[in-house]
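First up is the structure itself, then whatever we jot down about it.
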Amino acid sequence: MSNFWSYARRLLDRPTTLALAVTMAFLSAAGLGAGLLAMPPVLRLFLYDDPNASLQSVAQERVPWLGEAIVQELPTDRFMSIVWLVVGLILLTLYGATANFLHAALAYRLTIRTVGDVRRHMFRHALHLPLKNIVGRSNEVVSRLMNDTEVLLGGYFALLSKIPADILKGLIAVIVAIVLDWRLALTALLVSPVLYVVIRKLGKRIRRASRGALQARSEVLGAATEAVQGIRVVKVYSSERRELARFTKHNDDAVREQSRTYVIRALGSPLVEVITISFLGIVVIVASKAIIDGRIETEIFLSTLAALALAGAALKPLTRAVQEIQTAEAAAKRISELLNEPPEPMWTTRMAKGRRPRLPRHAESIEFDSIRFTYPNAETPALDGISVEIPHGSTVAFVGPNGCGKTTLLSLVPLLFEPDSGCVRIDGRNIADVDLRSLRRQISVVTQETVIFGGSIRDNIAYGRRSAAEPPTDEQVIDAAKRARAHEFIARLPRGYDTILGEHGSTLSGGQRQRLAIARAILRDPAILILDEATSMIDADSEHKIADAIAEFSTGRTCLIVAHRLSTVVNADRIVVMDQGRIVQSGGHDELLRSSDLYQSLARTQLVAATA
């Protein structure tokens, strides 16, 4: 349970709300205790045919500590005494209901805000994780962010709302029972060790089952998300049955795991109920014998029995609350696993030692020095001993067969991955030793799969230089769009730059999305421009416009290109040929056609075919 309790301590971050919630729970329980203590005089008035019985006489006999002045104000008439008691119980009920409402409302407020803090902390941590920790498991991360925190919310509410209320009510009821007749109360309390063992055993089973259920729900979310996001491919390939079968399998697994959890949870309350009623039955038998022998008054027995019954009734919801906490423990463990993953080095260093030195704007060279890198769970390295130096202001194209490591190599420049050995230097500085923000602010990346965010066209272009201190002006956004050859099609839209884009920019063509991405890169004013197959999947007209925009913009900047277009490769200052994670040759287009068999093959197949 250590994971859940570590997050439960976050409730202490709002001490005022927490104190008020616990106070309301105590006041509600105190009202219950007062009602229980009032039962004997009420029963005496109702059960016995004594014309002299009144609230005043009962008070003089039972609660003389009230004081003579108060006792004298109580009614002496039997009927009026009953009226006073009924009105008092109604007022006591109203008081208890108000305390219950305030307790629940404060508990909801505190738990929801605390879970919101946890969710925000998780999202911030996820954004700071190394790319290799996110790629391939985005659905799982989202599931932990949304589903697991909802389960944690249930545990929080059980801890703050249900458990304090039930424990305090049960405790007050037991205290009242002890005050009324300690022998009967202690006899009933013999059930406690048995109930503790039962609840503890069930809790362990629930915790294990809940972890499986959460994992199964994560897989259902993944299957649904992949199918919906790729719905065009699913329909074109008539794969509806296949995707339905895959979803059904994961859904059935989730149903089975959740059913297992709820069967165990359903067993808890009946078991507690049977054990509690059995022990109360024993208490009734013992008390009945005492009443017959004249050792216990009837009204005292009935009031004690009512108090014990209320204490036992509190155990039933308490059992469910404990089960919810056990379920939340499984979610808390999954949350902890995500939060315990180490963030990118920059964030670790900033938390431990302060900010790293800033990297001045790139002006000399980029050097890859003996780079080796292997993806997690891969058997062969993606990069194996790469060494190459690129002067500032030059355009270098990286070509090679699919899977040879081109994209991986360029991903090391913004430090999306850390090399296993070797280093990347910019202007002679190891980028692992500089402030990551100062590095990435100098880099713009345009990839084959353009990312379009929800919002307007203006927002998407401005994303390249979002700053609360110096947000880009409309003139700067429009200028970037013009330089990216995007202004013309944007101006034709009914709302222009205020046009709200569909999901992932689905209302735009591939070429239009790519030009928006280039406008975003231009607005950033980078020293280093990385183009990863940015023109490999667009029409010839769009390619021509994008090529003009890139050629104009890349002047005076270091441009690194993963290229499948022959025109891009030919215009590069230098071409680096890669194969199986190594650089096999580099030079100009004509030189490589003469000296490199691999480049000749690429030029005949991939590069030439791509221009058709």
Side-chain (Asn251) to main-chain (Phe247) donor-acceptor, under 3.5 angstrom: no

Given the rule in the side chain to side chain contact (heavy atoms under 4.5 Å, CB included) test, do Leu11 and Leu159 qualify, once you have shown the distances and angles that lead to the verdict? CA-CA 10 Å; Leu11 295 169; Leu159 175 65; 4.0 Å; yes

Measure the CZ-OG1 distance between Phe489 and Thr499 for me, rounded to the nearest 0.5 Å. 9.5 Å

Any donor-acceptor pair under 3.5 Å from Ser387 side chain to Ser370 backbone: yes

Side chain to side chain contact (heavy atoms under 4.5 Å, CB included) between Leu129 and Leu338: does it pass, once the steps are laid out? CA-CA 9 Å; Leu129 287 176; Leu338 177 66; 3.9 Å; yes

Would you mind checking if Lys333 and Asp148 are paired as a salt bridge, meaning a charged N to carboxylate O distance below 4.0 Å? no

Is the backbone N or O of Glu219 less than 3.5 Å from a side-chain atom of His250, with the two atoms forming a donor-acceptor pair by type? no

Could you pull out the closest heavy-atom pair between Ile325 and Ala158, with the gap in Å? CG1-CB, 4.3 Å

Is any side-chain heavy atom of Phe553 less than 4.5 Å from a side-chain heavy atom of Ile518? no

Would you find a donor on one side and an acceptor on the other, under 3.5 Å apart, between the side chain of Arg440 and the backbone of Leu415? yes

Side-chain touch Leu160/Tyr108, heavy atoms, less than 4.5 angstrom: no

How long is the gap from CG on Leu359 to CG on Asp427, to the nearest 0.5 Å? 6.5 Å

Taking the side chain as every heavy atom from C-beta outward, state whether Thr114 and Asp13 have any pair of such atoms under 4.5 Å apart. no

Distance, nearest 0.5 Å, that separates CD1 of Ile490 from CZ of Arg495: 14.0 Å

Could you check whether any side-chain N or O of Arg515 sits under 3.5 Å from a backbone N or O of Ala484, counting only pairs where one atom can act as donor and the other as acceptor? no

Using side-chain heavy atoms (C-beta onward) and a distance below 4.5 Å, is Val445 in contact with Arg524? no

Examine distances only and state if a side-chain atom of Ser438 and a backbone atom of Arg358 form a donor-acceptor pair shorter than 3.5 Å. no

What is the minimum heavy-atom distance between Gly405 and Leu383, and which atoms define it? O-CD2, 3.4 Å

If the threshold is 4.0 Å, N to carboxylate O, is there a salt bridge linking Asp384 and Arg582? yes

Of Arg14, Arg10, Arg124, which is the lone residue that meets salt bridge (Lys or Arg N to Asp or Glu O under 4.0 Å) with Asp117? Arg14

Give me the ring orientation class for Phe368 and Phe398: parallel if the planes are under 30° apart, tilted from 30 to 60°, perpendicular past 60°. perpendicular

How about Tyr156 and Tyr7: are their ring centroids closer than 6.0 Å? no

So Tyr375 and Phe373, would you call those rings parallel, tilted or perpendicular, with 30° and 60° as cut-offs? perpendicular

Between Cys423 and Asn430, what is the shortest heavy-atom contact and its length? CB-ND2, 3.6 Å

CD of Glu324 to CG of Leu152: how many Å apart, nearest 0.5 Å? 12.0 Å

May I have the step-by-step check of side chain to side chain contact (heavy atoms under 4.5 Å, CB included) for Leu493 and Ile457, ending in yes or no? CA-CA 10 Å; Leu493 297 173; Ile457 289 178; 3.4 Å; yes

Salt-bridge test for Lys249 and Asp253: reply yes if a basic N is under 4.0 Å from a carboxylate O, no otherwise. yes

Determine whether Pro526 and Ile443 make a side-chain contact, defined as any pair of heavy atoms from C-beta on separated by less than 4.5 Å. no

For the student: nearest non-hydrogen atoms of Ser336 and Asn3, plus distance: OG-OD1, 3.2 Å

Any donor-acceptor pair under 3.5 Å from Arg425 side chain to Glu367 backbone: no

Kindly compute the distance separating CG (Leu523) from CG (Asn460), expressed to the nearest 0.5 Å. 12.0 Å

Looking at Met146, is its backbone amide N or carbonyl O close enough to the side chain of Thr149 to form a donor-acceptor pair, meaning the two atoms are under 3.5 Å apart? yes

Which heavy atom in Ile461 sits nearest to a heavy atom in Ala480, and how many Å separate them? CG2-CB, 4.4 Å

Quick check: are there more than 12 heavy atoms from other residues, nucleotides or ligands sitting under 6.0 Å from CZ of Arg109? no

Whether Gln580 side chain and Ala382 backbone form a donor-acceptor pair below 3.5 Å: no

Side chain to side chain contact (heavy atoms under 4.5 Å, CB included), that's the test. Do Ile426 and Arg429 meet it? Break it down for me. CA-CA 5 Å; Ile426 294 181; Arg429 296 191 180 196; 5.8 Å; no

Are Leu508 and Leu516 packed together at the side-chain level, in the sense that at least one heavy-atom pair is separated by less than 4.5 angstrom? yes

Hey, are the side chains of Ile386 and Met578 touching, using non-hydrogen atoms and a 4.5 Å cut-off? yes

Would you check if Val388 and Val396 make a side-chain contact, meaning some heavy-atom pair closer than 4.5 Å? no

Measuring from atom CZ of Arg483 to atom CD1 of Ile478, what distance do you get when rounded to the nearest 0.5 angstrom? 14.5 Å

Can you tell me if Gln442 uses its side chain to pair, donor with acceptor, with the backbone of His362 under 3.5 Å? yes

Quick check: closest heavy atoms across Phe157 and Ala104, and the distance to 0.1 Å? CE1-O, 4.0 Å

